[in-house]
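Throughout, residue positions are numbered sequentially from 1 according to the sequence presented. Computed from heavy atoms alone, side chains included, the values below leave out hydrogens, waters and symmetry copies.
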Amino acid sequence: VMSLPPLCSPPLLPLRPPPPSRPCLPSPSLLPLLRTIPAAMAASVATTTPPNWSPGISMPHHSQLTLLSFLAASGVAPLDDDMVVLMCHLQTAFKQISALLASPLTTMAASLGHGDAGVLVSGSAKSGQDVPKPLDLISNDIMKSSLRASRKVAVLASEEDEKPVVLNNRGRYVVVFDPLDGSRNIDASIPTGTIFGIYRRLGEADDLLSAEKAQANVLQKGERLVAAGYALYSSATVMCVSYGSGTHIFTLDRGIGEFVLTQTNVFIPQRGQIYSVNDARYFDWPQGLRKYVDNIRQGEGQHPKKYSARYICSLVADFHRTLLYGGVAMNPRDHLRLVYEANPLSFLSEQASGKGSDGKRRILSIQPMQLHQRLPLFLGSIEDVSELENYGDVQQLVNPGYEV
């Protein structure tokens, strides 16, 4: 019988990311050939799909389309070869982070390090960063390593780094990301996620000094995004992504080790019946937000039915549910970051016919001034977010400070 270590013992092995795996990268010479394959696959799907199937509904198992095939499919996602290579490296990073989070050693280490003991370094109050945890830093290293290996990224910026980094002056793309959102509750097995946004490199900034070039590239408006998405690590590992022509969902099939298309052209319902917010802060809210929530809970808003509350306290998880079921997910105080949280999720929301707002303005039209700039965020069904904005006073500008 295996003997268990004492409860006070540290993990038997150091917490390390899983060994890097070779990305599933097509040879450049094969890319033109790959582009001819998915068309035949799509035709096969069309002949085998049930007649009542519609976009946004899970596809049958026998018609699985992998991410690589989807990316290479002419007319499905008309992307250049550099984007295909970049996405292959990104999906490899998501698989590694998913494996890391599913490890028993990770859960043990997170439990033993709960609270102050789990902090490796101090956060930067000046830059507006959160205090990082060990898993944040490991996930950050995984993401940066994958992006660097792709050789397609000119500049990257992470929630865990104070400043953006220039990787490759010839890279076509700029990537901003939050490597592990929701990590503070990892020991409770609450869903977490990785958020990312992709821009084209600014050619007009090429002659600037390195620091200025990096800053100019990562502080682009969200409306200039060419792709954005997130990976959700939960009962399944899900990747939601848009390339500017609809929002699509892939699920990691652990049997074959590939992300497969499970929902395509997802649309957020024009109106939902769920609101997602930490309403323990109700008495800190402005009058307009209190009135909005009171009205929809009592069925006295524009929608006659009473709304239900669903709140996970994990941005990716709360947004994913809102994407599928509609309603509104929000944080009314200056807490979420514009560049690598609000912009990518607002891009996805708009591509799914939803809306992203700070309570007054369209998120994607806001010019970022700082990498770690914070703001209120309201995401979801277009009618729900528009109704909320009509209440006017919905931003919680006074932040008394919350300790968790």
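In this structure, the side chains of M330 and V293 come closer than 4.5 Å at one or more pairs of heavy atoms. The shortest side-chain heavy-atom distance between K355 and E389 falls under the 4.5 Å cut-off. The side-chain heavy atoms of W285 and V277, taken from C-beta on, include a pair separated by under 4.5 Å. Taking 4.5 Å as the limit, some side-chain heavy atom of D279 sits within range of a side-chain heavy atom of R297. Taking the side chain as every heavy atom from C-beta outward, R254 and T237 approach each other to under 4.5 Å. Side-chain contact between Y340 and V218: absent, with no pair of heavy atoms (C-beta onward) separated by less than 4.5 Å. The shortest distance between side-chain heavy atoms of N265 and H248 falls below 4.5 Å. Two residues are said to be in side-chain contact when any heavy atoms from C-beta on lie closer than 4.5 Å; Y275 and D384 fail this criterion.
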Problem - Stepwise side chain to side chain contact (heavy atoms under 4.5 Å, CB included) check, L324 with Q263 - result: CA-CA 10 Å; L324 298 178; Q263 291 175 269; 3.7 Å; yes
Handout entry: Steps toward side chain to side chain contact (heavy atoms under 4.5 Å, CB included) verdict (S346, L379)
Key = CA-CA 7 Å; S346 294; L379 295 164; 3.5 Å; yes
Practice task
Tell me, with the steps shown, if D294 and Y282 meet side-chain hydrogen bond (donor to acceptor under 3.5 Å, both in side chains).
Solution key: CA-CA 10 Å; D294 288 342; Y282 177 89; 2.8 Å; yes
Handout entry: Criterion side chain to side chain contact (heavy atoms under 4.5 Å, CB included) on N168 and V153, from CA distance to verdict
Key = CA-CA 6 Å; N168 176 9; V153 179; over 6 Å; no
Exercise for the section: Determine, stepwise, if the pair I138 / L180 fulfils side chain to side chain contact (heavy atoms under 4.5 Å, CB included). Expected result: CA-CA 9 Å; I138 295 172; L180 194 60; over 6 Å; no
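Salt-bridge check for D80 with K152: failed, with every basic side-chain N at 4.0 Å or more from each acidic carboxylate O. Ion pairing between a basic and an acidic side chain is recognised when a charged N comes within 4.0 Å of a carboxylate O; R281 and D284 show no such pairing. Electrostatic pairing of D161 and K144 counts as a salt bridge here, judged by a charged N lying under 4.0 Å from a carboxylate O.
Taking a 6.0 Å sphere around CD of E223, one finds it holds more than 12 heavy atoms contributed by other residues, nucleotides or ligands. By the 6.0 Å contact criterion, NZ on K291 is open, its count of non-hydrogen atoms from other residues, nucleotides or ligands being 12 or less. In the displayed structure, R290 atom CZ is contacted under 6.0 Å by more than 12 heavy atoms of other residues, nucleotides or ligands.
Under the 3.5 Å distance criterion, the side-chain polar atoms of Q273 are matched with a main-chain donor or acceptor of K306. Under the 3.5 Å distance criterion, the side-chain polar atoms of Q395 are matched with a main-chain donor or acceptor of D358. Panel note: side chain T322, backbone D318; a donor-acceptor pair is recorded below 3.5 Å. S103 contributes no side-chain N or O that, together with a main-chain N or O of A99, makes up a donor-acceptor pair within less than 3.5 Å. Of the possible donor and acceptor atoms, none in the side chain of T247 sits under 3.5 Å from a partner among the backbone N and O of V266. Although no hydrogens or angles enter the test, the distance criterion places no donor-acceptor pair under 3.5 Å between the side chain of S357 and the main chain of R362. For S69 (side chain) and L65 (main-chain N/O), no donor-acceptor pair under 3.5 Å exists by modelled atom type. A donor-acceptor pair is defined here as one N or O able to donate and one able to accept, closer than 3.5 Å; such a pair exists between the side chain of S386 and the backbone of I382. The backbone N or O of I268 lies less than 3.5 Å from no partner atom in the side chain of S353, so there is not a single donor-acceptor pair. Remark: side-chain polar atoms of E387 are paired, donor with acceptor, to backbone N or O of Q302 under 3.5 angstrom.
Note: Y292 and Y391 meet the aromatic proximity criterion, with ring centroids under 6.0 Å apart. Checked against the 6.0 Å centroid criterion, the rings of F196 and F94 qualify as a close aromatic pair.
Taking all atoms of both residues into account, the shortest heavy-atom contact from L202 to D206 is O-OD1, 3.4 Å. Taking each heavy atom of L261 and I249 in turn, the nearest pair found is CD1-O, 3.6 Å. When every heavy atom of K213 is checked against every heavy atom of L208, the shortest pair comes out as CE-O, 3.8 Å. In plain terms, the two heavy atoms of V316 and G193 that are nearest each other are CG2-CA, 3.9 Å. The two residues S314 and I190 make their nearest non-hydrogen contact at CB-CG2, 4.3 Å. Scanning all heavy atoms of the two residues, the minimum distance from V174 to R201 falls at CG2-CA, 3.8 Å.
Annotation: the span from L252 atom CG to S98 atom OG amounts to 6.0 Å, rounded to 0.5 Å. We find the CD1-NZ distance between I366 and K360 to be 11.5 Å, quoted to the nearest 0.5 Å. In this structure, the separation between CG on L225 and OG on S242 is 9.5 Å, given to the nearest 0.5 Å. Distance check: F319 CZ to C240 SG gives 6.5 Å after rounding to the nearest 0.5 Å. If you take OG on S158 and CG on D136, they are separated by 9.0 Å, rounding to the nearest 0.5 Å. Between atom CD of residue E341 and atom CD of residue E159 there is a gap of 6.5 Å, rounded to the nearest 0.5 Å.
Checked by atom type, the side-chain pair E258/T66 shows no donor-acceptor distance below 3.5 Å.
Partner of L90 under the side chain to side chain contact (heavy atoms under 4.5 Å, CB included) criterion, chosen from V241, L147, V85: L147.
Between F70 and Y243, the ring planes are tilted. Angles from 30° to 60° get that label.
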